[in-house]
Each structure stands twice: as C-alpha cells, then as structure tokens.
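Working notes, beginning with the structure itself.
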Amino acid sequence: MVIVNELLQRAIDDMGFREMTPIQEQAIPPLLLGKDIIGQAQTGTGKTAAFGLPILEKVNPDSKKLQFLILTPTRELAMQVTNELRSLAKYMMGVRVMAIYGGQDIVRQIKGLRGVQIVVGTPGRVMDHMRRHTIKLKDIEMVVLDEADEMLNMGFREDMEYILSQIEKDHQTCLFSATMPKPILDITSQYLKNPIFIKVTQDVLTIESIEQYYYGIRQEYKYEALKRILSHYNYRRSIVFCNMKTMVARLAKELQEDGFIADGLHGDLNQKQRDFVMNNFRNGNIEVLICTDIAARGIDVDDVEAVINYDIPQEVEYYVHRIGRTGRAGKDGIAHTFVTNKEFNKIHAIEQVCHVKLIEKEIPSLEQIKKEQERRIFEDVLKIAKEEKVYKYLTPIYNFCKQNNMSIDEFACALFRYEVKQILMEEDIDLSINKKPK
C-alpha cells in the first residue's frame, strides 16, 4: 500500500488487507497526487478504499469544516461507504464521517453534521442541507461521484450537476461508474480537469463447479452454526475465512477445544509459523484452516472440499478469491456463507457481480447431523466388512465382553455411541434469522 499515515496503515492491517485490488493500484497514486480520475469499475472491485484511502491521507482532523463530499445513489450504499471509512479511520482521532440520506430525521442530521470532515450522502438530501446552509462546500478538497451511472438512472443528473457547480474552490473530482453513457461523459468533460481514465474488469466473474449457499444466521449463533456445518459434512479439508485476525485465533482455539483438527493462519504469524501451518494443511494433518484474506490468494492446495465464509468479505472480489480455493483441478467444490440480518444486501451484490444465484439453506439440525453421522458409520462398517477379514477381531472383543460382563450387543452399541461426535449444543434450537428484511 502507498499509504504514509501509520494510524491508517494500522487499520488496514487489522482488516487483513495486504494486496491492493487493480482499481486501488491504479487510482490511489494519482489521487494522492491531486489528479482527477474517472474509474470504470463494477461494484465489489474495491473502489471504496480506492478513493477512501487518499481521502483519509489528506483529511485534516484539526479542522472541523467539511473537506470531502461523497455522493452515492442509495442510502444503503451511503451507509456501506461510511462504515468502511470509519473502519479505516478508527485510529485517527478527530476524523468524523457521517452518512446523510432521505427518510432520516433532518434535524438529527443537522446536529450530527457539526465538526464532520467527510460527508457521504444521496444527492437529494445533500441539496436539502445545502439549501438550509447546514452543508457548506467552500472548503471542499475532493468530491466523489460513486456509481454515477446508477445516480443517472435514478434521475439525479440535475442534482449532481447542481452540486458540482456550487463548489467554487479549486478541488479534486473523482467519478466511478460501471458504464460510461453519454450523460456521464458530458459531466466528466464539464467538471473534471484533465482526468486520468482507469478501466478495470474483473478477472473472474463466475466460478464454475462450485455450489454456493448462504445461511441467514443470528450473530450470536455463528460459532454453533460453524460446528454444525463441519460436523454434518465432515470435510477432510476445508477453509474458514474471517475478516479479523483476532477472530481467526479465537475460532482456531475454540474449534481445537471442541475436538476439531483445526489451526489458524493470519498476518501476526511469522513466515516459519505460516509455513508450518500450511504444510500441516497440505499433508492432511489439519482438517480445518481458519484464515483472513491474506491467505485467499496464496493457498495452493487442490483438494480443498469446501470454503466457509464465517464473515462476508469487505469486497466482492475477495469473495471470488476465497471460494476459488475450492473446486480446483477439475473437482467440484462447495461454498457456505453466513449472513446476518444487516448483510443481505451484500449477498445481492455478490450475485450481481458474479452472475450467480446463491442458494439459501438452513443450518442442519442436531437430528440431521446425527442421522448423517450414523449413515457414515454404517457405510464405513460395511466397507471394512467387505474388504477385510473382520472375524480375526472376534477373540479380543469376546474376551473384553466376558471380563466386563457385557454382551456383544452392548459392546456394539457402546462403540457406535463412541463414534458419534458429541460436540454440539444439547438443545436443538433454531439458529436462523426469524424474518429476513424486505
């Protein structure tokens, strides 16, 4: 990353980002140099960080005036961009980011705008504040038009042009759009100064041979859901992805305590430790590898049976790289993604960008898991009985039963019970979200 601010770099490290996406590689340097840019990129390519990082590099936390304005077509995108900028700026004392949009109490927004340096808003609500003089553009350093073509489709062309026309101070303008229709080109020619044009297309938009499922899950039951998925499918080799390295360490410890053969891989490990974990995973000594996105592109193991997104990735591109760890070398793969109540819009973004339909499923119940475990045990027993001369084991079994006053039937039942894993919640409660948002 071409980032100088140590506090910003610390937040980037916490989020597990080590490699820039193509749009970030091409957009960040000219934005840091004060250039205007036009970025043709789809949702999910990492463009929020592409303009967000330069903004946070340039922001003056000591000034309580509005310095940066980001226009988005919808309240959902405004909130998403705001949350990501806040995550990036979490160690930068004095930096305030606020989302403004229609449908929220404007009086409350007016109070909240005091001392805010970065505003993310929909055009209509930004104009409402401009008319009330609660947003003043005289100190704007940069304005960003995010998903400009979508704003155009929603009828915001005049609003965009009016807002841009009211910024008198010399400033940067950054425009992102998935398509470049003539009205967008008209705006760029009128309001951007010698812009640098950047076009990014994703390398992979669809992933063949990978079944992709998502589960509506309450946040507090994520770990129980993970155990149920692992127990039900009994993967020989799987990868669990988290967004935070602290969660990687926590899951690895808890899964180990619950009897899973698991270990974690994240940025705090030195190279020797990482090599040790990866070698164990390749050799089959680890069945469940938990990691951050630092490992998404670097794991070269052909027989990963499944990927589990414990956390939905920050950007759609990372989703593609994550699930690409399974279904390799001509084999089928499966991807499970946990989604909380506030994250269903991210599932829709994944479907739109990847041109795929994720299938909604329910977390397996304890009864389903029990039946699946029983089926596997019977299957293994039948296979062994056909391939080996099992009667040679009858004498030690008979002697054991005689010594312990136990029948052969009791021995078989106890052995069967021993093979059925008991690592789940005793109460078979419903882990799923009761009602999805409209």
Side-chain angles (χ1 to χ4, degrees), residues 13-19 204 207-213 215 222-314 317-338 364 369 372-373 376 380 421 423-424:
D13 293 340
D14 282 355
M15 295 171 75
F17 295 150
R18 293 297 183 276
E19 297 181 13
V204 182
I207 303 96
E208 301 293 339
S209 76
I210 300 177
E211 298 177 32
Q212 299 175 58
Y213 301 102
Y215 305 81
K222 267 189 176 183
Y223 179 65
E224 175 64 21
L226 175 62
K227 289 197 298 181
R228 291 194 186 188
I229 292 289
L230 293 173
S231 298
H232 182 72
Y233 290 98
N234 196 37
Y235 296 121
R236 293 188 302 273
R237 191 177 279 109
S238 61
I239 301 175
V240 178
F241 279 103
C242 303
N243 289 344
M244 305 293 287
K245 56 190 176 184
T246 52
M247 182 57 72
V248 170
R250 175 181 167 185
L251 285 185
K253 181 175 182 293
E254 291 182 349
L255 286 175
Q256 290 166 3
E257 291 174 349
D258 281 330
F260 292 94
I261 306 172
D263 209 341
L265 189 68
H266 55 76
D268 281 352
L269 301 181
N270 60 40
Q271 192 59 49
K272 185 177 180 180
Q273 291 171 320
R274 291 172 62 185
D275 290 343
F276 178 78
V277 173
M278 278 306 306
N279 287 335
N280 277 334
F281 187 59
R282 288 191 183 96
N283 297 334
N285 297 325
I286 294 173
E287 294 178 353
V288 186
L289 179 67
I290 309 102
C291 58
T292 56
D293 284 303
I294 186 175
R297 303 187 190 193
I299 297 176
D300 187 21
V301 180
D302 287 339
D303 52 353
V304 174
E305 294 178 296
V307 164
I308 301 171
N309 290 306
Y310 191 85
D311 298 318
I312 292 185
Q314 304 282 354
E317 182 172 275
Y318 289 103
Y319 173 85
V320 175
H321 288 297
R322 284 181 181 187
I323 72 170
R325 299 309 96 199
T326 184
R328 305 179 74 181
K331 300 177 182 178
D332 294 333
I334 186 169
H336 307 277
T337 298
F338 295 163
I369 294 169
E372 179 61 21
Q373 289 181 347
R376 286 197 296 264
D380 291 342
K421 293 182 181 179
I423 57 175
L424 305 165

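Bear in mind that the values here come from a model prediction, so they are computed numbers and not experimental data.
Remark: Asp263 engages no residue in a salt bridge (charged side-chain N to carboxylate O under 4.0 Å, His left out) (not counting sequence neighbours).
For the pair Lys222 and Tyr310, the cation-pi test (distance below 6.0 Å, angle within 45°) is passed.
In this structure, CG in Leu251 is found 8.0 Å from CG in Asp311, a value given to the nearest 0.5 Å. Taken from CD in Glu305 to CG in Asn234, the straight-line distance is 8.5 Å, to the nearest 0.5 Å. Here the CG-OG1 distance, from Asp13 to Thr292, works out to 10.5 Å after rounding to the nearest 0.5 Å. A distance of 8.5 Å separates CZ of Phe276 from CG of Asn285, quoted to the nearest 0.5 Å. One finds the CD1 atom of Ile323 at 12.0 Å from the CD1 atom of Ile239 (value rounded to the nearest 0.5 Å). To the nearest 0.5 Å, atoms CG (Leu226) and CD (Glu254) are separated by 9.5 Å.
Remark: Arg237 CZ is packed, more than 12 non-hydrogen atoms of other residues, nucleotides or ligands lying under 6.0 Å away. Counting non-hydrogen atoms of neighbouring residues, nucleotides and ligands closer than 6.0 angstrom, the CZ atom of Arg376 exceeds 12 such neighbours.
Across every non-hydrogen atom of Ala252 and Ile290, the tightest pair is CA-CD1, 3.7 Å. Of all heavy-atom pairs spanning Thr326 and Ala306, the tightest one is OG1-N, 3.7 Å. Nearest heavy atoms, Arg322 versus Pro313: NH1-CD, 3.4 Å. Contact detail for Ile286 and Phe281: the closest heavy-atom pair is O-CD1, 3.5 Å. The two residues Val248 and Gly264 make their nearest non-hydrogen contact at CG1-CA, 3.8 Å. Closest non-hydrogen pair, His232 versus Glu372, comes out as O-CG, 3.2 Å.
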Practice problem: Under the side-chain contact (heavy atoms from CB on, under 4.5 Å) rule, what do Val288 and Ile308 come out as? Steps first, then yes or no, please. | Solution: CA-CA 10 Å; Val288 186; Ile308 301 171; over 6 Å; no
Practice problem: Take Val304 and Leu289 through the test side-chain contact (heavy atoms from CB on, under 4.5 Å) and record every step on the way to the result. | Solution: CA-CA 10 Å; Val304 174; Leu289 179 67; over 6 Å; no
Quiz item: Yes or no on side-chain contact (heavy atoms from CB on, under 4.5 Å) for Gln212 and Tyr319, after CA distance, side-chain angles and deciding distance?
Solution: CA-CA 11 Å; Gln212 299 175 58; Tyr319 173 85; 2.5 Å; yes
Exercise. Kindly indicate, with the supporting measurements, whether the criterion side-chain contact (heavy atoms from CB on, under 4.5 Å) is fulfilled by Thr337 and Ile312.
Key: CA-CA 7 Å; Thr337 298; Ile312 292 185; 3.7 Å; yes
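The shortest side-chain heavy-atom distance between Phe260 and Lys227 falls under the 4.5 Å cut-off.
Classified by interplanar angle (parallel below 30°, tilted 30° to 60°, perpendicular above 60°), the ring pair Tyr235/His336 is tilted.
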